[in-house]
Amino acid sequence: MPRGWVIALILLCTALNGAGFLWHLFEPIPLYDEIAHFITPFTLVAITAEIIYRGGGDDEFFNTPRHAVITGSVIGLVGAAAWEGIEMVLDIMGLPISHAPPDTIFDIFLGVLGGAAGAWVADRYLDRIFNRSRTNAHRARVR
């Protein structure tokens, strides 16, 4: 992604989550929690994929759009499940955090969706930059 987009995504993610914790915005503002649980894994997966690509990393997990989406979904699932565990610990510590089962399940679902979307966007953008085929990352793009 262009450097400006990367910086904007990181700033948006930081501001969204920071403001949510600082002023307890996750529950009272409609869709705030849902947007945060989608944007955060989207940002993390997209930026991680780009770091791997630009660093010359092996394209084993992002070699086709399907593999990219599956990889992003798994990263989103693991990250969201871990975050929900942290939320439960924070609730035990006395912070006002909802960890009702429907909220937790939906937050994890949004993490999976965000991770998949982030991987898809990164894969699509980076295939264009490196002039690679959309179906096989080891071949050049054919027009």
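All heavy atoms count here, side chains included; hydrogens, waters and symmetry mates do not.
Legend: residues meeting side chain to side chain contact (heavy atoms under 4.5 Å, CB included) with Val89, ordered by chain and number and at least two apart, are Met93.
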Do any side-chain atoms of residues 35-42 form donor-acceptor pairs under 3.5 angstrom with protein atoms, and if so which ones, sequence neighbours left out?
residue, atom, partner, partner atom, Å
His37, NE2, Asp33, OD1, 3.1
His37, NE2, Asp107, OD2, 3.3
Thr40, OG1, Asn17, ND2, 3.0
Thr40, OG1, Ala36, O, 2.8

Let me have the donor-acceptor pairs involving side chains of residues 22-30, under 3.5 Å, with sequence neighbours excluded, atom names and distances please.
none

Table please: side-chain donor-acceptor pairs of residues 71-85 below 3.5 Å, with sequence neighbours left out.
residue, atom, partner, partner atom, Å
Thr71, OG1, Phe61, O, 2.9
Thr71, OG1, His67, O, 2.8
Ser73, OG, Val69, O, 2.8
Trp83, NE1, Glu87, OE2, 2.9

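Contact record, Thr43 with Ile10: CG2-N, 4.3 Å, taken as the closest heavy-atom pair. Nearest heavy-atom pair across Ala122 and Ala46 is CB-O, 3.8 Å.
A continuous path of hydrophobic side-chain contacts links Phe21 to Leu31 [ILVMFWY only; heavy atoms under 4.5 Å]. Both Val121 and Trp5 belong to a single network of hydrophobic side chains, linked directly or stepwise wherever heavy atoms of I, L, V, M, F, W or Y lie under 4.5 Å apart. The same ILVMFWY cluster, assembled from side-chain heavy atoms under 4.5 Å apart, contains both Trp120 and Val6. In this structure, Leu110 is a member of the same hydrophobic cluster as Leu16, with clusters built from ILVMFWY side-chain heavy atoms closer than 4.5 Å.
The salt bridge (charged side-chain N to carboxylate O under 4.0 Å, His left out) analysis of residues 42-53, with sequence neighbours excluded, yields the pairs Glu50-Arg54.
Within 6.0 Å of the OH atom in Tyr32, the count of heavy atoms belonging to other residues, nucleotides or ligands exceeds 12.
When hydrophobic side chains of Ile, Leu, Val, Met, Phe, Trp and Tyr are connected at separations under 4.5 Å, Ile7 ends up clustered with Leu11.
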